[in-house]
Amino acid sequence: MKKIVLVLMLTSSVLFSQNSDPTCEILNKINVLIQTEHIRPKPVDDSLSVFVFDNLINELDPSRNIFFQTEYDELAKKYRLNLDDLILKNDCSFLGDITSKYKTGLDRTKTVLEKIQAGNIDYSTKDTIRFYKKSFAFYLKKENIEKVWIKKLRYQILDDIAESSDNLDSLKTNFKSLEIASKKIILSNEICRISTLLETNIKQEEKLYNFFCTYFDPHTAYFSDDSKSSFVASLSKEHLSLGMTVNLNEKNEIIIDEIDPNGPAYQTGQIKKGDQILSVSNKKETLQVSCSSLESISTMILSESNKSIILTLKRNSGKNFEVYIEKQVMKDEDNSVFSFIIGKDSKIGYIKIPSFYADLDGNSRKGCADDVAREVIKLERDHIKGLVIDLIDNGGGSMEEAIKLAGMFVDYGPISIVIDSKHEESVINDPYRGVIYKGPIVILINSNTASASEFFSSILQDYNRALLLGSNTLGKATMQTIVSLDETKNTDFLKITINKFYRVTGKSHQYIGVKPDVVLPEFYEDIYQKESDFPTAIKNDSIAPFLKYKTYVKRNLIDKIARNSTLRLADNYYFNDLKKINAKIDQMVNVPKAEIPMTLDAVFDQKKTVNSIWTEINTFNDDNNPLDVYNSTVNQFLLGVYPTEKTINQYQIDNLKTNPYLNEAVNIITEFNASK
C-alpha cells in the first residue's frame with residue numbers, strides 16, 4: 001500500500017465567468033508588497049509574462065490533449081508577452097478568455113470520450129507510445145483529437161490489464177473480458193473527471209496569483225483566508241482533525257487505515273478500519289474519489305473552514321452509507337517530538353523532531369523547542385552518554401522555534417546573520433546562556449530536511465557541536481512572513497520572502513543545501529526535488545565573515561570521526577545495495593524513455609520492470625544488528641497513564657530497531673566517547 005500524505009494544496013479548478021477588476025486589484029496589491037518588501041524584487045516585464053502564461057497553460061493542459069494547437073497559438077500571440085502590460089493596466093480579462101477556450105476544449109473532449117465509450121478500440125493496429133519527463137509542444141489538431149485520445153486510453157487500458165496479473169498467458173487468454181471491464185472503468189473516470197472540471201465553481205484566480213508570486217521565488221505565495229488558516233494550522237502539533245489515517249491501495253482506492261479511539265471518526269460508531277471512501281462532501285460541494293484529484297480531496301478534508309465533513313463509505317461488498325463527522329482539535333502524533341533510549345550498557349538518547357511546530361496562539365509552551373527540552377530532561381534522568389537528533393524529512397516550520405532550540409545546545413554567541421530587503425545585516429544571538437545537554441550529538445539529515453531544520457543543523461555544525469550524518473539537505477535559507485493585502489477585509493494574504501540567512505562563517509546553504517559530515521545514500525535521492533530544481537530559486541552567495549564564536553570541540557576531531565565512519569561503511573551491504581537500487585530508480589525516472597510498441601507484451605514487460613524495482617524497495621531492510629530501543633523511565637510511566645498511545649509507541653520502536661542511519665549514529669557517539 002502507498003501511504004497518502006494529505007497535504008495542503010490549491011485545487012486545479014476553473015471559473016468560467018470572471019470579473020477582471022478584482023483580479024487585477026489583488027495582483028497589483030501583491031506586486032506593491034513584493035516590490036517594497038521582497039528580498040529580491042524583479043520588474044513586472046515580459047519575463048514575468050512568459051513565466052505566468054506558460055505555467056497557467058501547463059496547469060490547464062499538461063498532457064496537451066485539451067487545447068488545439070491553433071487555440072494555443074492564438075492565446076500565446078495575444079498574451080504570452082503581454083500579461084505584464086495588461087495586469088499593470090488593471091485589465092485581467094485575459095483570464096476569462098483563456099478559461100473560456102479551456103471550457104470549449106473540455107466540452108469537446110467529453111463528447112469525444114463519450115463516442116469512444118460507445119465504440120470499440122482496435123488493439124491490432126501498430127502504434128508506439130513515448131513518455132516525456134518535461135512539457136512538450138502543443139500539437140493537437142481538430143482532425144486528430146479522437147486518435148490522440150484513443151492512443152492515450154489504449155495505453156491506460158493495457159497498463160491496467162498488465163497490472164492485474166503476473167501471468168501474461170492468462171492475461172492474453174482472458175483479454176476480451178478484461179478489456180471490457182478496464183475500458184468501462186477508465187472511460188467512466190475520465191468522463192467524470194472532465195465533468196467535474198466543467199461543473200466546479202471554485203475560482204481559478206488563485207492559480208494566477210500564485211504563478212505571479214512564484215516568479216519571484218518558490219516560497220512567495222498567495223493565501224485566501226481559508227488556505228492561510230490551513231497553513232498556520234500545519235505549523236502546530238494540534239489542529240482540527242477527523243482522527244483517522246488513510247491508505248491508497250493497489251486499485252487506487254482510498255481505504256481507512258487507522259482510527260484514533262480519541263477522535264471524532266471513532267466516536268461516530270459507524271466507521272471501521274478497511275472502509276473505502278467513495279466521496280467527500282463539505283455540504284457545499286461533493287468530490288467523487290474515482291474522478292477527483294487526491295490534492296482536491298485532501299484540501300477538502302484538511303481545510304480549517306470545513307469543520308464538518310460527510311463521508312460516503314463502502315464496507316466490503318455492502319451498500320454505500322454516509323457518515324457525518326464534526327472535526328475536533330487533536331494532537332497530531334506524526335507532528336510531535338518523541339524520544340527513546342538506545343542500548344543498555346552505554347545508553348544513547350534519541351529524539352525525533354518531525355517539524356519545527358509552534359504555539360501560535362499563546363504561551364502554553366507547546367512549541368517544538370520546549371518539547372525537545374522536556375525530552376532531553378527525561379533522557380538525562382537515565383544518564384545517557386550521547387544524543388541523536390533526527391531531522392530526517394523535517395520540512396521546517398517556525399524559525400523562532402529553531403532559534404530557541406539552537407540556543408539550548410550552544411552555550412553563547414552569534415548563531416546567524418540575517419539580511420533583509422534593504423540589504424541591512426543583523427546578527428541573531430543565542431537567546432539562552434548555557435546548554436541543556438553537554439554530551440556528544442549526532443544529527444540525522446536527508447534531502448527533505450529543509451528550512452528551519454537546515455538552519456538549526458548548520459548552526460550546530462559550525463559550532464562543532466554536532467556531527468551531521470545523512471544526505472545533502474534541500475537548500476532553503478530564506479524566511480517568509482504572512483501579511484494581509486487589505487487589513488480592512490482580511491480575506492487575501494501574501495506569504496512573502498523577506499529575509500536571507502547566512503551562517504556564522506559568512507557562507508549560506510541557500511540553493512546548495514547543508515552538506516553532512518558523513519554522507520550516506522537514501523532512497524530516491526536523485527529524484528527528490530531540491531531548491532536548485534526551482535527555476536526561480538534565489539541563488540547561493542556568501543558574505544565576508546566578521547563574527548567571532550567559540551567552537552565546542554576542535555574540528556579535526558569531528559573530521560577524524562567522520563573519516564572513520566566513512567571507512568567503516570565503505571563495504572556496508574545495506575548502503576551499497578541502496579546505491580544500486582537508486583541507480584535503477586534514476587534510470588527509470590530521469591533517463592528519457594525509448595518508444596515502446598502499444599502491445600500487451602510490451603506494456604507487460606514495462607510493468608514487470610517497474611514492479612521488480614518496487615519489490616526491491618518494499619522488501620529492502622536491514623535485519624542485522626538490531627538495536628535495543630526502549631522508552632525512558634519517565635515515558636514508560638506516562639504510557640501507563642495514557643495507554644492509548646502504546647500502539648504508536650510500539651510502531652515507532654519497531655521502525656527504529658533496524659534503522660541503519662541510527663545504527664551508525666550510535667557507533668559515532670561510541671567512538672566520540674572513547675576518544676575523550
Side-chain angles (χ1 to χ4, degrees), residues 3-8 230-241 243-246 257-258 260 263 298 302 329-340 342 349-360 365-376 378-379 387-406 408-409 441-457 460 466 468-471 473-474 476 514 522-524 528 629 631-632 635 638 645 647-656 659 661-662 665:
K3 191 75 173 177
I4 296 177
V5 181
L6 293 176
V7 294
L8 171 67
S230 297
F231 176 79
V232 171
S234 72
L235 299 178
S236 172
K237 69 174 180 180
E238 292 184 343
H239 48 78
L240 284 171
S241 172
M244 66 183 196
T245 61
V246 297
D257 183 49
E258 297 290 345
D260 191 323
S298 66
L302 289 178
V329 176
M330 297 185 65
K331 178 182 177 182
D332 184 352
E333 295 291 351
D334 291 333
N335 194 30
S336 302
V337 167
F338 61 84
S339 71
F340 293 103
I342 317 296
Y350 168 89
I351 296 180
K352 174 67 177 180
I353 308 176
S355 78
F356 282 83
Y357 53 81
D359 172 26
L360 301 175
R365 302 186 73 82
K366 291 180 180 178
C368 157
D370 285 317
D371 284 353
V372 170
R374 277 189 280 270
E375 296 306 313
V376 170
K378 294 175 187 176
L379 295 171
L387 180 64
V388 180
I389 298 176
D390 189 345
L391 297 179
I392 288 176
D393 294 333
N394 182 322
S398 166
M399 288 300 299
E400 183 180 351
E401 291 295 316
I403 292 168
K404 286 170 63 178
L405 191 61
M408 293 178 183
F409 290 100
I441 300 173
V442 172
I443 298 178
L444 305 181
I445 57 176
N446 74 340
S447 298
N448 287 329
T449 301
S451 193
S453 53
E454 291 178 281
F455 176 85
F456 169 78
S457 57
L460 269 63
L468 274 54
L469 180 150
S471 47
T473 62
L474 182 131
K476 179 179 180 291
V514 177
E522 63 173 321
F523 274 124
Y524 318 117
Y528 275 135
V629 184
N631 290 291
S632 65
N635 281 343
L638 291 173
E645 296 186 4
T647 301
I648 190 169
N649 180 267
Q650 189 59 51
Y651 174 79
Q652 292 164 344
I653 288 175
D654 292 340
N655 277 343
L656 290 176
N659 185 316
Y661 305 92
L662 179 56

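Checking side-chain atoms of Thr473 against main-chain N and O of Val514 turns up a donor-acceptor pair under 3.5 Å. Remark: the backbone N or O of Lys378 is not paired with any side-chain donor or acceptor of Ser632 at under 3.5 angstrom. Of the possible polar contacts, none joining the Gln650 side chain to the Thr647 backbone as a donor-acceptor pair under 3.5 Å is found. Here the side chain of Lys352 pairs a donor or acceptor atom with the backbone of Ile392 at under 3.5 angstrom. A donor-acceptor pair under 3.5 Å links the side-chain atoms of Glu401 to the main chain of Ala369, judged by distance alone.
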**Study point:** Stepwise side chain to side chain contact (heavy atoms under 4.5 Å, CB included) test for Asp257 and Val246
**Key:** CA-CA 5 Å; Asp257 183 49; Val246 297; 5.6 Å; no
Practice item. Check the pair Leu405, Met408 against side chain to side chain contact (heavy atoms under 4.5 Å, CB included), reporting the backbone distance first and the verdict last. Key: CA-CA 5 Å; Leu405 191 61; Met408 293 178 183; 4.1 Å; yes
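In terms of heavy atoms, Ser453 sits closest to Ala450 at OG-O, 2.7 Å. For the pair Tyr350 and Leu387, the tightest heavy-atom approach, listed with the atom from each and the gap, is N-CD1, 4.3 Å. Of all non-hydrogen atoms in Ser451 and Lys476, the two that sit nearest each other are OG-NZ, 3.2 Å. Minimum heavy-atom separation, Leu444 to Tyr661: CD2-O, 4.0 Å. The nearest pair of heavy atoms linking Gly397 to Ala452 is N-CB, 3.9 Å. In plain terms, the two heavy atoms of Ala665 and Val442 that are nearest each other are CB-CG1, 3.7 Å.
Between the CZ atom in Phe456 and the CZ atom in Phe356 there is a gap of 5.5 Å [rounded to 0.5 Å]. Atom OH of Tyr357 and atom SG of Cys368 lie 5.5 Å apart (nearest 0.5 Å). One distance of note links OG1 of Thr245 with CG of Asp260; it measures 9.5 Å at 0.5 Å rounding. Summarising the geometry, atom CD1 belonging to Ile443 is positioned 8.0 Å from atom CZ belonging to Phe409; distances are rounded to the nearest 0.5 Å. To the nearest 0.5 Å, atom NZ of residue Lys404 and atom CG of residue Asp370 are 4.5 Å apart. Between the CD1 atom of Ile351 and the CD1 atom of Ile389 there is a distance of 6.0 Å, given to the nearest 0.5 Å.
Listed by chain and number, the residues in a side chain to side chain contact (heavy atoms under 4.5 Å, CB included) with Tyr528 are Ser447, Asn448, Glu522, Tyr524 (sequence neighbours excluded). Partners of Asn631 under the side chain to side chain contact (heavy atoms under 4.5 Å, CB included) rule, at least two apart in sequence or in another chain, are Phe340, Asn635, Gln636, Leu639, Asn649, Ile653.
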